[in-house]
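Report on the following structure.
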2 protein chains.
Amino acid sequence: MAAQRPRRQPTLDEVAERAGVSRSAASRVINKAPHVSRATRDAVERAIKEMGYLPNRTARALATQQTGIVALAVSHDDPELFADPFFAQVIVGVSAALEETDLHLLLCLASSGRGRSRLTNLLHTRGVDGIMLMALHGDDPLTHIVRRAGLPAVYGGRPLNFEPQWYVDSDNLGGARLATEYLIGLGRTRIVTITGPMSSDVGRARHRGYREAMIMAGLIPYATAEGDFTEAGGAAAMKSLLDSHPDLDAVFAASDNTAAGALRVLIDAGRSVPANVAVVGFDDLGTAERTDPPLTTVHQSVQALGREMTRMLVELIAGHEPSSVILPTKLVLRDSA
Amino acid sequence: MAAQRPRRQPTLDEVAERAGVSRSAASRVINKAPHVSRATRDAVERAIKEMGYLPNRTARALATQQTGIVALAVSHDDPELFADPFFAQVIVGVSAALEETDLHLLLCLASSGRGRSRLTNLLHTRGVDGIMLMALHGDDPLTHIVRRAGLPAVYGGRPLNFEPQWYVDSDNLGGARLATEYLIGLGRTRIVTITGPMSSDVGRARHRGYREAMIMAGLIPYATAEGDFTEAGGAAAMKSLLDSHPDLDAVFAASDNTAAGALRVLIDAGRSVPANVAVVGFDDLGTAERTDPPLTTVHQSVQALGREMTRMLVELIAGHEPSSVILPTKLVLRDSA
DNA sequence: AACATCGCTGGAAGCGCTTCCAGTTTACCT
DNA sequence: AGGTAAACTGGAAGCGCTTCCAGCGATGTT
């Protein structure tokens, strides 16, 4: 089956010959360049149609020094982490935005050392026109690699130790503040928080939002435990908080997974949610609807993140100077608070 | 910041010159081709090191007619569907396998007509060396597009109306049989099934497995309702089954999401699971552990699927003739049955 | 009628690499 | 020492496209 037509794709030379013009003329009509007469254009266009011509990507790339490909690099130690729906949503956003262009998406899971060196190589061999980076921890070597390659680069979320020139991030600070203020508005005062890893900017920003809201309201930040954005981490943190501050009446969890873990522990401990203790999460990527009770949470639009990153990268590649953006977050009310 | 070093990457010519040899000689050492003296190799290698030379991907691609890129195309009407953890797992598998090669991964969400035509174009312009296809429904236009392009192609899961020459699939039939047999072994006899869409091969295969197991055991397939692999679909199907066959004592759901929907309806209807009615799902991609009670389900290794597809494609590109594979599935016991 | 101006054209020189081929050197046999 | 085969070498021709440039005839200006 699948008779592999060995028939070669026609080349520009062949098209030009058939149209009775020079190769440069043919190239001009294909690229919609000026200086081509009506007659020439028509002839070339007919030849193209008749021969089913399509310009060879590689050849064009070599001549223009543009591959028409952008990379999305996801850096993390654990490949499993990629299974987080977060990334799928980013990809959906990126893809949607790319569809408006004629760029294609190269996906790099740069976890292992091998993956990282493959990426480095890709950048230095000019395999892509630009790159989007996600999930960088601390001082990820990727940042240096990318900087050294001198390629247009945009960051999704900010790395911890430096502020990239071009990035798009969710308003983590504002979202966390929103969540905390809501709990305060509910009349809760002994509000604790389970943070994300404090070695990440997200983790820190969301924690800061909590603190700021508390202090602004004249409350003292009641207690903090560090989580790691996972359900297990959330459960562990909740246990220790319940131990140290048994009279807590609300918890702001830095992610929905964290909140899910906390929820489980609370219920097991006989607390009723939200009556006894109110819980608010962060992310709203599906988990929030599936917990029991469903989570009140801070929604961030991850698809928008992907879309904005892409738009920004496209601008950059075109030689413009976009400015970084912070995407708004909003509170979504469900049953846990 | 990020001082974009405008310094051009050195070219092979420059390396050759510095090493005092011809460009062809230099090329030979880079490609580890035979017929190069020790002296030449050393000289070239030193030059490479000193200049930090890396061969330009595009130029090489043009000369060799190989891009070093393979595509993974996901076809579906709804972009949101990509958020299903299934795809993330495939990608993890694919990436892991690619890491052993020097191929890179191009991801195509070919949902819209625009996405599809972009993909067509990519294939015809020789933008990739091969392609992996997933989530094809019925007679997806993609199959024709791909066949016409005459590129190495492997399928993940079988499309409905034709058997591709190269594919890898999970043993859906066997898995469904396993699940049903287990329910039978439990002493249940009024076992119903909620299928996937019967317009897909997966849906059909899993349904067939159920029927076969029932008949082999001398039971009559008690009742069937068509679902669509979603939780909502599962819930709807469960409701109608409960109406028409209120005495059912077990259900085999063709996916975990389906099972989750069914579970909810059963509990709401006052049935206790598994005491009153036993439930088995299919997939085991996370949801199964998060339902209440946790689902007994048929596990398929989606990462392995990705890995095998990749291996197969790599073989194909190398000019070999791999043979298709069916990956085993296994029953995972939890609390719902 | 003479001149500058403009749009259009094809030739040619790349882009950076691989690979064929003929020529040269070296090594090996007898 | 002479002859042959093998190992090595660099020149040159691609891969398929873009783009600069000089040349061309057809307009527009005084």
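Order of the sequence lines fixes the chain letters, A, B, ..., with proteins taken first and strands second; residue numbering starts at 1 for each chain.
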Next item on the list: Decide side chain to side chain donor-acceptor pair (under 3.5 Å) for A:Asn56 and B:Thr125; before the verdict, give the C-alpha distance in whole Å, the side-chain angles of both, and the deciding distance to 0.1 Å.
Entry: CA-CA 5 Å; A:Asn56 180 305; B:Thr125 54; over 6 Å; no
With sugar-phosphate taken as primed atoms, P, OP1 and OP2 and all else as base, the protein-contact string of nucleotides 17-28 of chain C at under 4.0 Å (heavy atoms; B, S, -) is BBBB--------
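The shortest distance between the side-chain N/O atoms of B:Gln65 and the OP1/OP2 oxygens of D:dG16 is below 4.0 Å.
Within a 6.0 Å radius of CD in A:Glu17, other residues, nucleotides and ligands contribute 12 heavy atoms or fewer. Counted within 6.0 Å of CD on B:Glu14, heavy atoms from surrounding residues, nucleotides or ligands total more than 12; the atom is thus considered enclosed.
For A:Asn121 and A:Ser117, the side-chain atoms include no donor-acceptor pair closer than 3.5 Å. Between the side chains of A:Ser24 and A:Ser27, no donor-acceptor pair of N or O atoms lies under 3.5 Å.
Looking at residues two or more places apart in sequence or on another chain, you find a side chain to side chain contact (heavy atoms under 4.5 Å, CB included) between A:Ala304 and A:Ser301, A:Arg307, A:Leu327. B:Arg158 is linked by a salt bridge (charged side-chain N to carboxylate O under 4.0 Å, His left out) to B:Asp169, counting only residues two or more places apart in sequence or in another chain. Evaluation of the salt bridge (charged side-chain N to carboxylate O under 4.0 Å, His left out) rule for A:Arg46 yields A:Glu50 as partners, not counting sequence neighbours.
Because its NZ or CZ atom is both nearer than 6.0 Å to the ring centre of B:Phe162 and within 45° of the ring axis, B:Arg147 counts as a cation-pi partner of that residue.
Atom CD1 of B:Ile48 sits about 9.0 Å away from atom CG of B:Leu54, to the nearest 0.5 Å.
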Taking only nitrogen or oxygen atoms into account, show me every contact under 3.5 Å that the protein makes with nucleotides 25-27 of chain D, one pair per line with its distance.
none

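Shown for residues 32-43 of chain A: no residue has heavy atoms falling under 4.0 angstrom of DNA chain D.
Where B:Leu62 and B:Val21 meet DNA chain D, the nucleotide closest to each residue was compared, and B:Val21 sits on the side nearer the 5' end.
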